[in-house]
Amino acid sequence: VALCEAEEAPLARSRPRVLEPRFNWTLFWQFLRPHLLVLGAAIVLALGAALVNVQIPLLLGQLVEIVAKYTRDHAGSFLTESRSLSTHLLLLYGLQGLLTFGYLVLLSRIGERMAVDLRRALFCNLLRQDIEFFDAKKTGQLVSRLTTDVQEFKSSFKLVISQGLRSCTQVAGCLVSLSMLSTRLTLLLMVATPALMGVGTLMGSALRKLSRQCQEQVAKATGVADEALGNVRTVRAFAMEQREEERYGAELEGSRCKAEELGRGIALFQGLSNIAFNCMVLGTLFVGGSLVAGQQLTGGDLMSFLVASQTVQRSMANLSILFGQVVRGLSAGARVFEYMTLSPGIPLSGGCSLPREHLRGSITFHNVSFSYPCRPSFPVLRDFSLTLPPGKIVALVGQSGGGKTTVASLLERFYDPTAGVVTLDGQDLRTLDPSWLRSQVIGFISQEPVLFGTTIMENIRFGKVDASDEEVYAAAREANAHEFITSFPEGYNTIVGERGATLSGGQKQRLAIARALIKQPAVLILDEATSALDSESERVVQEALDRASAGRTVLVIAHRLSTVRAAHRIVVMAHGRVCELNGVQAAAARTLHKSALGKGSGDSPQPSLLPA
Ligand code: ADP
Ligand code: MG
């Protein structure tokens with residue numbers, strides 16, 4: 001039995017060997033507790049089934065005894081004599097089937113419910129983690145904790161209860177009946193079985209290793225295919241189909257070699273273990289037969305012994321598989337629980353909020369310094385001070401990588417400053433409710449808007465869950481989006497495709513603007529909102545942005561001057577600090593900008609050209 005296991009081992013993901021988290025028993029207990037009653041019932045049923053299994057070989061032996069008697073004497077009625085025994089056996093078979101059915105149903109009920117609870121709790125806690133957590137983790141890794149790890153933990157759990165319990169009981173029970181049948185034969189078995197099991201375990205672990213390598217190779221091949229299919233446009237554009245085919249083919253070839261090697265290994269194992277098991281049967285028959293001949297054992301008892309010893313061997317083989325499964329299940333469980341206990345530095349909610357009518361939307365950065373937690377030695381902002389007066393538009397320009405987006409992230413409270421404070425209407429952001437801040441105060445529009453793969457309606461409503469249809473239409477109109485939306489045959493019910501793949505850049509951006517505007521934010525952050533657009537879409541989007549900016553506190557982040565013409569104030573950032581322009585310089589900058597446009601160049605001069 002141990003043989004097939006190598007083949008069925010769940011997909012081993014190639015995971016870098018980092019410090020393995022420890023299994024959290026306390027947390028596991030919390031998830032298990034609601035199911036204790038059902039679990040108890042399942043355990044009772046499983047134990048019952050195992051005990052019935054122990055009974056069966058004994059009765060079979062008695063039946064054989066009767067058969068043997070009739071082979072000798074041919075007197076009396078075989079049917080009458082064997083009837084009660086047969087009925088008894090039939091009843092036991094039925095009972096065994098029923099018990100098995102019962103505990104499997106109960107276990108799958110517990111397993112599935114626990115898996116749902118685990119996934120829900122993990123997802124919930126993952127969503128609450130700090131942005132810095134996501135900076136450091138790969139999405140694929142997080143998703144695999146939700147899927148594969150929970151799956152593996154669940155199946156191990158079920159297996160331990162069903163197989164583990166049954167196998168242990170059967171081994172114990174059968175050993176008792178074996179020693180009652182014949183002490184001498186049992187001793188013989190006790191010597192032979194562990195030796196064979198040892199060899200088998202060694203071979204099994206070699207096979208497991210091989211199977212892991214095999215799966216890693218398959219994963220590698222899948223990775224190549226995944227990358228090529230996912231980036232098919234790039235592959236097509238470079239006419240690299242042939243090369244990708246070859247790459248995939250080479251990886252497939254590699255996995256074929258490994259798989260065939262594994263196949264040979266399994267075949268050898270299977271063959272050898274068949275020989276071993278058969279030899280043990282023969283050995284038992286031989287030794288047992290001589291005992292029968294010496295009248296120390298009846299034929300029926302020998303039969304019982306054979307069946308029971310087979311059960312012991314099967315159960316022990318099961319247990320050895322189970323051991324591997326337990327190890328894998330515990331480490332999968334540890335990975336699931338690891339992120340469940342993690343608490344974020346910036347909680348999602350909690351803290352005070354300002355009543356809407358008193359909210360002015362004045363923002364100040366006081367001597368803020370900041371470096372990203374994953375790169376602590378690299379200061380992005382140094383002693384950065386900036387005021388966004390209420391209702392005014394401030395433009396922030398500067399080189400790419402200068403820290404402009406970082407300023408916006410601090411305002412959204414994705415991170416907290418390393419030093420200094422950011423205030424809203426004089427209140428430290430850290431004392432305010434982050435959820436309130438993000439959902440009601442600040443509207444954020446970034447360079448690459450991300451939409452969800454649902455309808456346009458739902459995407460806009462993402463900004464305000466309880467918005468009425470009218471509010472959605474109004475926001476879309478304000479964002480210059482209503483027209484193109486209604487030109488689609490499905491209108492607002494158009495599905496935008498994965499990440500909004502079926503829309504143009506300008507359309508996506510206008511939906512993102514509508515989504516931000518629907519919450520009527522007091523503060524609007526436009527982070528290079530038009531820089532990825534062509535000049536025609538830029539004009540439409542800019543028009544929407546200009547309209548949306550009226551009466552709000554706006555921070556416009558840009559590296560093109562065309563975006564900042566409406567700004568009341570232009571601030572240049574360099575080396576994580578502000579070099580502010582005075583009024584004359586700003587006017588000069590605007591003139592510079594106009595003359596740049598006059599020359600017919602769509603692109604404006606680099607901010608570094610500005611007088612600082
Ligand atoms: P800008 O928006 O002005 O182009 P950013 O604020 O995006 O600049 O980035 C400023 C600096 O911070 C860059 O050097 C960038 O490499 C670094 N940086 C940006 N985001 C992260 C992050 N999540 N983790 C670590 N470093 C980052
Ligand atoms: Mg940026």
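Being a predicted model, the structure only gives us computed values, none of them experimental. Atoms within each ligand, like the ligands themselves, are counted from 1 in listed order.
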(request) Have a look around the Mg ion (ligand 2) and list protein N/O/S atoms under 2.8 Å, or say none. (result) T405 OG1
(message) Using heavy atoms and a 4.0 Å limit, tell me yes or no: is E132 in contact with ligand 1?
(response) no
(request) For residues F414 and Y372, establish whether the separation of their ring centroids is below 6.0 Å. (result) no
(request) Would you indicate which of D135, T405, D527 comes nearest to atom 7 (O) of ligand 1 when only heavy atoms are counted? (result) T405
(message) Under a 4.0 angstrom heavy-atom cut-off, which atoms of ligand 1 come close to G401?
(response) 1 (P), 3 (O), 4 (O), 8 (O), 10 (C), 11 (C), 13 (C), 14 (O)
(request) Identify, by atom number and element, the atoms of ligand 1 in contact range of C374, meaning under 4.0 Å from any of its heavy atoms. (result) 24 (N), 25 (C)
(message) Polar contacts were defined as any N/O atom of the residue lying under 3.5 Å from an N/O atom of the ligand; does this apply to F378 and ligand 1?
(response) no
(request) Check the pair E246, R243 against salt bridge (charged side-chain N to carboxylate O under 4.0 Å, His left out), reporting the backbone distance first and the verdict last. (result) CA-CA 5 Å; E246 282 162 12; R243 200 195 67 128; over 6 Å; no
(request) For atom 15 (C) of ligand 1, state which one of R375, Q399, Q447 supplies the nearest heavy atom. (result) R375
(request) Provide, to 0.1 Å, the distance between atom 26 (N) of ligand 1 and the closest protein heavy atom, together with that atom's residue and name. (result) Y372 CD1, 3.2 Å
(request) Taking atom CZ of R547 as the centre, report whether more than 12 heavy atoms of other residues, nucleotides or ligands fall under 6.0 Å from it. (result) yes
(message) For R233, I'd like to know if atom CZ has over 12 heavy atoms of other residues, nucleotides or ligands within 6.0 Å.
(response) no
(message) Looking at F452, is its backbone amide N or carbonyl O close enough to the side chain of N459 to form a donor-acceptor pair, meaning the two atoms are under 3.5 Å apart?
(response) yes
(message) Tell me whether R477 is salt-bridged to E483, with the criterion being a basic N under 4.0 Å from an acidic carboxylate O.
(response) no
(message) Below 3.5 Å, N or O to N or O, backbone or side chain included: is there any such pair between V380 and ligand 1?
(response) no
(request) Write out the residue and atom name of the closest protein heavy atom to atom 8 (O) of ligand 1, then the distance separating them to 0.1 Å. (result) G403 N, 3.2 Å
(request) Using the six-membered ring wherever Trp is involved, compare the ring planes of H482 and Y473 and label them parallel, tilted or perpendicular (cut-offs 30° and 60°). (result) perpendicular
(message) Centroid separation under 6.0 Å, is that true for the rings of W29 and F31?
(response) no
(request) Could you list which atoms of ligand 1 come closer than 4.0 Å to a heavy atom of T406? (result) 5 (P), 6 (O), 9 (O), 10 (C)
(request) Under 4.0 Å from a heavy atom of Y415: give me the atoms of ligand 1 that qualify, with their elements. (result) 23 (N)
(request) Decide whether a cation-pi geometry holds between R577 and F384; the criteria are a distance under 6.0 Å from NZ or CZ to the six-membered ring centre and an angle within 45° of the ring axis. (result) no
(request) Without swapping roles, check the side chain of K404 against the backbone of Q399 for a donor-acceptor pair under 3.5 Å. (result) yes
(message) What I want to know is whether G402 and ligand 1 share at least one N or O pair that is separated by under 3.5 angstrom.
(response) yes
(request) If the plane angle is over 60° it's perpendicular, under 30° parallel, otherwise tilted; pick one for F153 and F28. (result) perpendicular
(message) Check this for me: does any side-chain nitrogen of one of E251 and R247 sit under 4.0 Å from a carboxylate oxygen of the other?
(response) no
(message) Please confirm whether S400 approaches ligand 1 to less than 4.0 Å, judged on its heavy atoms.
(response) yes
(message) Other residues, nucleotides and ligands only: do more than 12 of their heavy atoms fall within 6.0 Å of CD on E448?
(response) no
(message) Taking distance alone, with N or O pairs closer than 3.5 Å, would you say E528 contacts ligand 1?
(response) no
